[in-house]
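Below: one structure, written as structure tokens.
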Amino acid sequence: MRITQGTFSHLPDLTDEDIAKQIAYALDKGWPCSVEFTDDPHPRNSYWEMWGLPMFDLTDPAGVLYEVNECRKAYPGHYVRLNAYDARYGRQTTALSFIVQRPAEEPGFRLDRTESADRRVRYTMHPYALDRPEGDRYGADR
């Protein structure tokens, strides 16, 4: 099952050239970029681990792409995403966010159904990856 989060998630994976073009677009707009990674891509998990600090001072797409590739090397079996921030409204808002790396195997999710009093039915999502311990969810990494 392919996780669909962020911009471009319904498209085939972007090449490094495509990623560099999106970084250039963000930097041209004045949006600083950051890189994040996780082994728990649950839709409600919006707080991924940061790879370094946001790159407020970079203006060259090659510098951002370098950090993306360093994160990919360090965490080859994790999800890696790139974020671009827009501070025009006086607060930091995500203007662009997309996945730049996925694990080779994406186990997906299942819906658990719970019936309770008064014929209430509730559903919760359970990621199959959580059946394995943290750090071993997508194979041996770090």
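Every heavy atom of this structure was used, including side-chain atoms; hydrogens, water molecules and symmetry mates were not. Quantities reported herein were computed from a predicted structural model and do not represent experimental measurements.
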- Task: Determine yes or no for a side-chain-to-main-chain donor-acceptor pair under 3.5 angstrom, with Thr93 supplying the side chain and Asp86 the backbone.
- Result: yes

- Message: For Pro61 versus Ile23, what's the shortest heavy-atom pair and its separation?
- Response: CA-CG2, 3.6 Å

- Could I get the full list of side chain to side chain donor-acceptor pair (under 3.5 Å) partners for Thr15, not counting sequence neighbours? Asp18

- Minimum heavy-atom distance between Lys73 and Pro76, given as atom pair plus value: O-CD, 3.5 Å

- Message: Between Asp118 (side chain only) and Arg120 (backbone N and O only), is there a donor and an acceptor less than 3.5 Å apart?
- Response: no

- Task: Would you indicate whether Leu53, at its atom CG, is surrounded by more than 12 heavy atoms from other residues, nucleotides or ligands within a distance under 6.0 Å?
- Result: no

- Query: Taking all atoms of both residues into account, what is the closest heavy-atom pair of Gly77 and Gln101, and its distance?
  - Reply: N-NE2, 4.4 Å

- Item | Separation of Leu82 CG from Glu36 CD (nearest 0.5 Å) | 9.5 Å

- Query: Can you tell me how far CE of Met50 sits from CZ of Phe37, rounded to the nearest 0.5 angstrom?
  - Reply: 10.5 Å

- Message: Looking at every heavy atom in both Leu58 and Gly63, which two are closest together, and how far apart are they?
- Response: CD1-C, 3.8 Å

- Shortest non-hydrogen separation from Ala20 to Leu65 and the atoms involved: CB-CD2, 4.2 Å

- If you measure from CZ on Arg81 to CG on Asn83, what distance do you get to the nearest 0.5 Å? 5.0 Å

- Message: For Arg119, is there an ion pair with Glu115 - N to carboxylate O distance below 4.0 angstrom?
- Response: no

- Query: Between atom SG of Cys71 and atom OH of Tyr66, what is the distance when rounded to the nearest 0.5 Å?
  - Reply: 12.5 Å

- Query: Hey, does Val35 have a side-chain heavy atom less than 4.5 Å from the side chain of Val80?
  - Reply: yes

- Message: Is there a continuous path of hydrophobic side-chain contacts, each under 4.5 Å between heavy atoms, that joins Leu27 to Tyr25?
- Response: yes

- Counterpart residues, side chain to side chain donor-acceptor pair (under 3.5 Å), relative to Trp48 (two or more places apart): none

- Task: Determine whether Leu11 and Leu96 fall in the same hydrophobic cluster, where Ile, Leu, Val, Met, Phe, Trp and Tyr are linked whenever their side-chain heavy atoms lie under 4.5 Å apart.
- Result: yes

- In chain order, what residues pass the side chain to side chain contact (heavy atoms under 4.5 Å, CB included) check against Thr59, with sequence neighbours excluded? none

- Query: What is the minimum heavy-atom distance between Arg102 and Asp13, and which atoms define it?
  - Reply: NE-OD1, 3.3 Å

- dist Leu14:CG -> Ile19:CD1 (nearest 0.5 Å) comes out at 5.5 Å

- Derivation of the side-chain contact (heavy atoms from CB on, under 4.5 Å) call for Tyr85 and Thr94: CA-CA 5 Å; Tyr85 303 105; Thr94 303; 3.9 Å; yes

- Query: Taking the side chain as C-beta and beyond, is there a heavy-atom pair between Val100 and Gln22 under 4.5 Å?
  - Reply: no

- Item | Distance-only side-chain donor-acceptor flag, Trp51 / Glu67, under 3.5 Å | yes

